[in-house]
Student: 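Once you've had a glance at the structure underneath, I'll fire off some questions.
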Amino acid sequence: MGKGRKSKTGKGGTRQPPPEEPADGGGWKATRTWIAGVLSAVLVAAVGVVFTNWFTSRGTDAIDRISGTPPVTIGHVAVDEEERNIVLREPVTDPKERGILLGRATAEERAALLNRHHASLTDRMNVTVVLVGNRTSLRIVDIKPRVLVRKARSDGAFLQKGTAGEAETVELGADLDQQAPRFTTSDDPDVRYFSKKQIDLKRDERVTLSLEIRGRKAYYEFDLLATVLAGDRTEQIVINGPGGSPFRLTGEATSFRSVYTEAPGGAWAPVPAATVCVMFPKTAGC
């Protein structure tokens, strides 16, 4: 029998199959995938830390600025009206309004009547303002009274409180009769307070301002204008009186077209003409 032909491999050895190559890089591809995953995790963690640090220190400030939140919130405004005389610009002549003034009304109706007649305290007023910080760090660099209306002193009706006590000690005071009203201290009345000192606040910190404001020569409507520095931005905050209306103050006139005195239950009672002449001798007919 003949012998089958054998494949030759050169020197009589058998032919070996060609070595298999790893598909598409094999182990190196897996290694690269693993390294990429580790780097991604490290990058995400680093970005998270950076974002957390930024958000903690500046992020809330940026969000507040974008949303229009002011750097300072007006937490409270109050005017001390205890034992302070009140003056109306016009006398109360409407029968319904006279009924309200004389006591046949609720406290809300009396307050609305006084507001309609531009009721104001006389000569001076004590104002308490509480400001709350809305930024990580801010500085109140100035607060000043801003006169909106200046007219002749009110003489429509004089509402005399039971007693007129002395003013309490206050931290800052301003005189609206000056050409450029500014807040000063009793210890240094010739120097503007905010030219030497400012008020620093952090988020949620509060500062209480006790202000005495004077005005004897005219009738004034005014607000308070605060200048606040937060970061690299300066903003102005307007502080109005309770209820959002401007503050009102008038110098006391020498005579009034009508005079009342305080009565029980929040009412007011007309003062007899003879007594009015004693109180205000320059009144017509005295």
Side-chain angles (χ1 to χ4, degrees), residues 77-128 145-167 175-177 211-224 239-286:
V77 178
V79 175
D80 183 6
E81 298 183 356
E82 291 296 324
E83 301 182 344
R84 302 293 297 125
N85 296 326
I86 299 172
V87 174
L88 310 184
R89 283 203 65 75
E90 296 294 334
V92 180
T93 56
D94 179 81
K96 182 178 179 180
E97 288 195 329
R98 281 183 59 83
I100 293 174
L101 189 66
L102 297 176
R104 297 188 295 272
T106 64
E108 290 76 14
E109 289 174 321
R110 286 194 294 270
L113 179 141
L114 295 180
N115 189 54
R116 284 195 299 274
H117 286 264
H118 297 86
S120 56
L121 301 183
T122 58
D123 294 344
R124 61 173 173 78
M125 67 193 313
N126 290 341
V127 178
T128 300
R146 181 175 62 168
V147 175
L148 306 174
V149 175
R150 187 181 193 276
K151 297 181 178 179
R153 288 176 288 193
S154 298
D155 65 352
F158 183 83
L159 310 183
Q160 184 186 37
K161 285 292 185 83
T163 338
E166 293 298 319
D175 189 348
L176 300 182
D177 294 331
L211 312 172
E212 182 186 73
I213 301 169
R214 301 174 297 277
R216 298 176 182 273
K217 295 181 179 180
Y219 163 82
Y220 297 99
E221 293 184 5
F222 65 97
D223 57 22
L224 303 175
I239 304 170
N240 280 307
S245 299
F247 298 97
R248 298 188 184 108
L249 184 65
T250 184
E252 187 173 299
T254 57
S255 64
F256 295 88
R257 285 174 277 174
S258 54
V259 179
Y260 299 81
T261 188
E262 192 174 22
W268 301 91
V271 173
T275 305
V276 171
C277 288
V278 174
M279 296 170 61
F280 303 105
K282 294 185 178 182
T283 300
C286 292

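From a predicted model like this one, the values you see are computed outputs, not experimental measurements. FYI, the numbering just counts along the sequence from 1.
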Student: Is any side-chain heavy atom of Glu262 less than 4.5 Å from a side-chain heavy atom of Glu83?
Tutor: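 No - every pair of side-chain heavy atoms lies 4.5 Å or more apart.
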Student: Stepwise, does the side-chain contact (heavy atoms from CB on, under 4.5 Å) test hold for Ile239 with Val127?
Tutor: CA-CA 11 Å; Ile239 304 170; Val127 178; over 6 Å; no
Student: Who pairs with Thr275 by side-chain contact (heavy atoms from CB on, under 4.5 Å), at least two apart in sequence or on another chain?
Tutor: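 In terms of side-chain contact (heavy atoms from CB on, under 4.5 Å), with neighbours along the sequence ignored, Thr275 is linked to Val271, Pro272, Met279.
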Student: Using side-chain contact (heavy atoms from CB on, under 4.5 Å), reason through Thr283 and Val259 one step at a time and then give a plain yes or no.
Tutor: CA-CA 10 Å; Thr283 300; Val259 179; 6.0 Å; no
Student: If you look only at distance, which donor and acceptor atoms sit under 3.5 Å apart when one is on a side chain in residues 241-256 and the other is two or more places apart or in another chain?
Tutor:
unit_1: Arg248; atom_1: NH1; unit_2: Asn115; atom_2: OD1; d: 3.1
unit_1: Arg248; atom_1: NH2; unit_2: Asn115; atom_2: OD1; d: 3.4
unit_1: Thr250; atom_1: OG1; unit_2: Ser154; atom_2: N; d: 3.1

Student: Check Trp268 against Gln160 and note the closest heavy-atom contact, atom names and distance.
Tutor: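 That would be CZ3-O, 3.4 Å.
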Student: Quick test of your reading: applying ring pair (Phe, Tyr, Trp, His ring centres under 6.0 Å), list the pairs with at least one residue in residues 86-111, sequence neighbours left out, ordered by first then second residue.
Tutor: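 For residues 86-111: none.
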Student: Can you give me the closest heavy-atom contact between Leu176 and Gly215, atom names plus distance?
Tutor: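 Shortest heavy-atom separation between Leu176 and Gly215 comes out as CB-CA, 4.5 Å.
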Student: Would Asp155 and Val87 count as a side-chain contact (heavy atoms from CB on, under 4.5 Å) if you check the C-alpha gap in whole Å, the side-chain angles of each, and the deciding distance to 0.1 Å?
Tutor: CA-CA 7 Å; Asp155 65 352; Val87 174; 6.0 Å; no
Student: Minimum heavy-atom separation for Asn85 to Lys161, with atom names?
Tutor: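 Heavy atoms only, the tightest pair is OD1-N, 2.9 Å.
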Student: Please check: side-chain N/O of Asn126 versus main-chain N/O of Asp80, any donor-acceptor pairing under 3.5 Å?
Tutor: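 No, Asn126 side chain to Asp80 backbone: no donor-acceptor pair under 3.5 Å.
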Student: Answer whether the closest heavy-atom distance between the side chains of Pro270 and Leu102 falls below 4.5 Å.
Tutor: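 Yes; the side chains approach each other to less than 4.5 Å.
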Student: Output the distance between atom CD1 (Ile100) and atom CG (Asp94), rounded to the nearest 0.5 Å.
Tutor: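 Rounded to the nearest 0.5 Å, the CD1-CG separation comes to 8.0 Å.
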Student: Taking atom CG of Leu113 and atom CG of Leu101, what is their separation to the nearest 0.5 Å?
Tutor: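 That separation rounds to 6.0 Å.
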Student: For Arg257, is the CZ atom crowded, meaning more than 12 foreign heavy atoms sit under 6.0 Å from it?
Tutor: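 Count over threshold, so yes.
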Student: Testing the basics here: between Ala267 and Gly103, what is the closest heavy-atom pair and its distance to 0.1 Å?
Tutor: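 Heavy atoms of Ala267 and Gly103 come nearest at CB-CA, 3.4 Å.
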Student: Closest approach of Thr122 and Arg84, non-hydrogen atoms and distance?
Tutor: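 Heavy-atom minimum between the residues: O-NH2, 2.5 Å.
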Student: So which heavy atom on Val147 is nearest to which on Tyr220, and how close?
Tutor: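 Minimum heavy-atom separation between Val147 and Tyr220: CG1-CD2, 3.9 Å.
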Student: Is there a side-chain contact between Leu211 and Leu224 in this structure, where contact means two heavy atoms from C-beta onward sitting under 4.5 Å apart?
Tutor: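 Yes, close enough: below the 4.5 Å cut-off.
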Student: Report the distance from atom OG1 of Thr106 to atom CD of Glu108, rounding to the nearest 0.5 Å.
Tutor: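 Rounded to the nearest 0.5 Å, the OG1-CD separation comes out at 4.5 Å.
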Student: Would you give the length of the straight line joining atom CD of Glu97 to atom CG of Leu88, rounded to the nearest 0.5 angstrom?
Tutor: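 Nearest 0.5 Å value for the CD-CG distance: 9.5 Å.
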Student: Quick one: do Ile86 and Leu121 satisfy side-chain contact (heavy atoms from CB on, under 4.5 Å)? Show the steps, please.
Tutor: CA-CA 5 Å; Ile86 299 172; Leu121 301 183; 4.0 Å; yes
Student: Starting at CE of Met125, measure out to CD of Glu81 and round the result to the nearest 0.5 Å.
Tutor: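 Going from CE on Met125 over to CD on Glu81, the span is 7.5 Å.
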